[in-house]
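Working notes for the structure below.
Chain letters run A, B, ... following the sequence lines, proteins first and then strands; every chain starts at 1.
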Amino acid sequence: MKFAPWAFSLATPCGVLRVEGNCYFILSATLTPLTDEQQPDSLPAGPCELYNETRKQLDAYFNDGRNRIDLPVMTSGSDFQQRVWTALEKILPGQTMTYGQLAREINSSAQAVGNALRENPVALIIPCHRVVAANGLGGYAGETEGALPKIKQCLLAHESRQH
DNA sequence: TACCCATGCTGGT
DNA sequence: ACCAGCATGGGTA
């Protein structure tokens, strides 16, 4: 059952986190606002080690935002998108970087970086929320204002909170 | 504050 | 090959 796909949803202080994966990789992770309608699923038993490890790291992270999340992911995207996503590994919890700074590191442009981050299939695991605009928060998950940027702000606040 | 445009990457035609 | 649209940034008034 090593390839057994699994998924779970988890209520977090910043929204409902839904994670999908198999016993080798995380395949997707999305964070959506918690509404009365969509209650998180009950959590199924884990078919394999990666499931348990994922749950463990997420619990640790939401208990203390300074805890680093480091999980194997399998993502599909253009070469450029992969370049942007892997560049995020260096940004630790509580740290941020601007679109422009990241763009200079990989010889691209700020707006192109934003385009790639918008397509991040594994929210939180690839910490796209740690890239902000030069003049403010910047967008999240395709929105520049509204509920989704609030999730971004919530994550950043959680990571910088004193424990 | 607002407007304008350079920017590089994407998706559709 | 072209063109419009972006989770931006910098310049100018």
Polar side chain donor-acceptor pair, A:Glu105 to A:Gln101, under 3.5 angstrom: no
Touch class at under 4.0 angstrom, heavy-atom based, for A:Tyr99 against every strand present: base
N or O in side chain of A:Ser109 less than 4.0 angstrom from C:dG9 OP1/OP2: no
Rounded interatomic separation in angstrom, taking CD from A:Gln82 and P from B:dT10: 11 Å
Atom pair distance, as rounded to whole Å: CG in A:Asn115 and P in B:dG12: 14 Å
Watson-Crick and G-U pairing of DNA chain C, under 3.5 Å, as dot-bracket with | and [ ]: ||||||.||||||
Separation of C:dG9 P from A:Arg104 CZ (nearest whole Å): 9 Å
A:Gln153 versus A:His129, side-chain donor and acceptor atoms under 3.5 Å: no
Protein-nucleotide distance (A:Asn107, atom CG; C:dT8, atom C1'), rounded to Å: 17 Å
Protein-nucleotide distance (A:Leu117, atom CG; B:dT10, atom C1'), rounded to Å: 14 Å
Connected via hydrophobic side-chain network under 4.5 Å: A:Phe8 and A:Ile69: yes
A:Gln111 CD to B:dC5 C1', straight-line distance once rounded to whole Å: 11 Å
Same cluster (ILVMFWY, side-chain, under 4.5 Å), A:Val73 and A:Trp85: yes
A:Arg130 to A:Leu92 - nearest heavy-atom pair and separation: CD-O, 3.5 Å
Atom pair distance, as rounded to whole Å: CD in A:Glu105 and C1' in B:dG8: 17 Å
A:Leu137 vs A:Leu156 side-chain heavy atoms within contact, under 4.5 Å: yes
A:Ser9 and A:Arg18: side chain donor to acceptor below 3.5 Å: yes
Between C1' of C:dG9 and CD of A:Gln101, the distance in whole Å: 12 Å
Sugar-phosphate, base or nothing in reach of A:Gly138, heavy atoms under 4.0 Å: nothing
Touch class at under 4.0 angstrom, heavy-atom based, for A:Ala141 against every strand present: base
